[in-house]
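A quick write-up on the structure given underneath.
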Amino acid sequence: MSRRLSMRHTVVLMAVLLLTSCGREAASTGSGTTPPPADQGALRGRSFTALAITDQGRPRALVADTLVKVRFTDDGRVVVNAGCNTLSGPVTVDGGTLRVADMSVTEIGCDPARHEQDEFLVDLFAGNLDYRLDGDHLVLGSSDRGLELNQERTLPLIGTVWKADTVIEGTMAGAVPAGVHVTLVFGPDQVEISGLCNLDRADYRTTGPTITFRPGQLTRKACQEDITSLEQATLAVLDGEATYSIDTDMLTLTKGDRGLRFTTEG
């Protein structure tokens, strides 16, 4: 009898020792793991829109009908746009400081107010920027000069009102002429087009990043020159197979070396 009790106690003791050993090993492994630092990994793949701009310690008003958008790409770049030119470059984040290297800026001709706004952003991102990320809220710069931004969410292709913003031809990109207001609204299998002269709809289907268009019947009305030019650029893309991508609130349609960029309406 006493031998049986001893064996039973031995089995229980071994089980306790095994559990204790496993628990110590798990605790040791966990205690050696520390959260990764808040670096560019926390920003990659996210897009932000400015809520407020500060310049020389005072609020700076946005130019009418513009937004400042800051996008951090998955390959470690930052792209900044405020309704005119786009600045971009490789970005590193270290110790609460953000740095943009080899910054490039497009050369789209815009009105003086938008150019001045672009210059402010170029100067801001040319130096080292303090940054603070709190969930969806991002602060770049200081209380004297900087941006306060919130993260955006990607909009769906279908149901969003997409407003024509930029025409792309080869390596050149140009803004849609002032006063020309062209929009696309995608339904399940047809896109409604407004603001052009002879093209008002097209059938389409998507397969992954590919979108195939079949334009509707064209009328033969004479239109003003700016609208005719944009209509021709639209027909060059919205006829046959093209590719599309949505980056938060920006839709890009590309066919060969031709393309169109759209932002959200309003």
Side-chain angles (χ1 to χ4, degrees), residues 47 49 62-69 71 79 81-86 106-111 114 152-266:
S47 297
T49 297
L62 277 166
V63 175
D65 300 322
T66 68
L67 293 171
V68 174
K69 297 180 181 293
R71 175 169 59 92
V79 181
N81 183 274
C84 184
N85 285 283
T86 299
T106 59
E107 296 182 357
I108 298 174
C110 300
D111 58 87
R114 295 190 187 207
E152 296 181 332
R153 301 300 176 186
T154 299
L155 295 172
L157 175 68
I158 295 176
T160 301
V161 181
W162 299 105
K163 179 182 176 182
D165 173 80
T166 304
V167 178
I168 303 165
E169 295 186 11
T171 59
M172 303 295 292
V176 169
V180 177
H181 187 85
V182 175
T183 61
L184 306 183
V185 179
F186 288 83
D189 53 18
Q190 190 175 78
V191 56
E192 301 288 336
I193 306 166
S194 66
L196 294 179
C197 190
N198 296 290
L199 178 66
D200 62 2
R201 68 189 64 240
D203 295 333
Y204 80 95
R205 69 176 186 275
T206 59
T207 305
T210 300
I211 184 166
T212 304
F213 292 99
R214 188 176 64 186
Q217 185 68 35
L218 297 177
T219 59
R220 297 181 178 274
K221 295 183 291 185
C223 309
Q224 72 179 67
E225 184 177 351
D226 284 343
I227 294 178
T228 298
S229 176
L230 182 56
E231 185 168 72
Q232 291 172 348
T234 302
L235 276 169
V237 177
L238 271 65
D239 187 3
E241 189 174 291
T243 59
Y244 82 99
S245 64
I246 299 175
D247 181 7
T248 310
D249 64 347
M250 184 180 296
L251 167 67
T252 302
L253 300 172
T254 308
K255 183 179 179 183
D257 63 351
R258 307 291 294 272
L260 297 168
R261 189 180 72 187
F262 300 81
T263 57
T264 52
E265 174 74 342

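- In this structure, Met250 CE and Arg261 CZ are separated by 4.5 Å, a value rounded to the nearest 0.5 Å.
- Between the Arg114 side chain and the Val63 main chain, no donor and acceptor come within less than 3.5 Å of each other.
- Within the model, atoms CG of Leu199 and CD1 of Ile227 stand 12.5 Å from one another, a figure rounded to the nearest 0.5 Å.
- Of the inter-residue distances, the one linking Leu157 atom CG with Ile246 atom CD1 reads 5.0 Å to the nearest 0.5 angstrom.
- Panel note: side chain Asp247, backbone Leu251; no donor-acceptor pair is recorded below 3.5 Å.
- A search for side chain to side chain donor-acceptor pair (under 3.5 Å) contacts involving Arg205 returns nothing, not counting sequence neighbours.
- Among residues two or more places apart in sequence or in another chain, the side chain to side chain donor-acceptor pair (under 3.5 Å) test is passed with Arg201 by Gln190, Glu192.
- Taking all atoms of both residues into account, the shortest heavy-atom contact from Ala82 to Val68 is CB-CG2, 3.9 Å.
- Applying the disulfide bond (SG atoms under 2.5 Å apart) rule to pairs touching residues 206-244 yields Cys197-Cys223, sequence neighbours excluded.
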Side chains of residues 206-218: which donor-acceptor pairs under 3.5 Å do they make with residues two or more places apart or in other chains?
residue, atom, partner, partner atom, Å
Arg214, NH2, Asp203, OD2, 3.0

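- Using a distance-only test at 3.5 Å, with no hydrogens or angles considered, a donor-acceptor pair links the side chain of Thr106 to the main chain of Thr86.
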Stepwise side chain to side chain contact (heavy atoms under 4.5 Å, CB included) test for Ile168 and Thr254: CA-CA 8 Å; Ile168 303 165; Thr254 308; 5.7 Å; no
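- Here Asn81 contributes atom CG and Thr263 contributes atom OG1; the two are 9.5 Å apart, rounded to the nearest 0.5 Å.
- Pairs engaging residues 224-244 under the side-chain hydrogen bond (donor to acceptor under 3.5 Å, both in side chains) rule: Asn198-Glu231 [sequence neighbours left out].
- Nearest approach of Ala233 to Arg258, heavy atoms of both residues: CA-NH2, 3.9 Å.
- Distance CG/Leu184 to OH/Tyr204: 11.0 Å, rounded to 0.5 Å.
- For the atom pair Asp249 CG and Trp162 CH2, the distance stands at 7.0 Å (nearest 0.5 Å).
- Applying the side chain to side chain donor-acceptor pair (under 3.5 Å) rule to Thr252 yields no partners; only residues at least two apart in sequence or on another chain are considered.
- Contact annotation: the side chain of Val176 never approaches that of Val182 to less than 4.5 Å [non-hydrogen atoms, C-beta and beyond].
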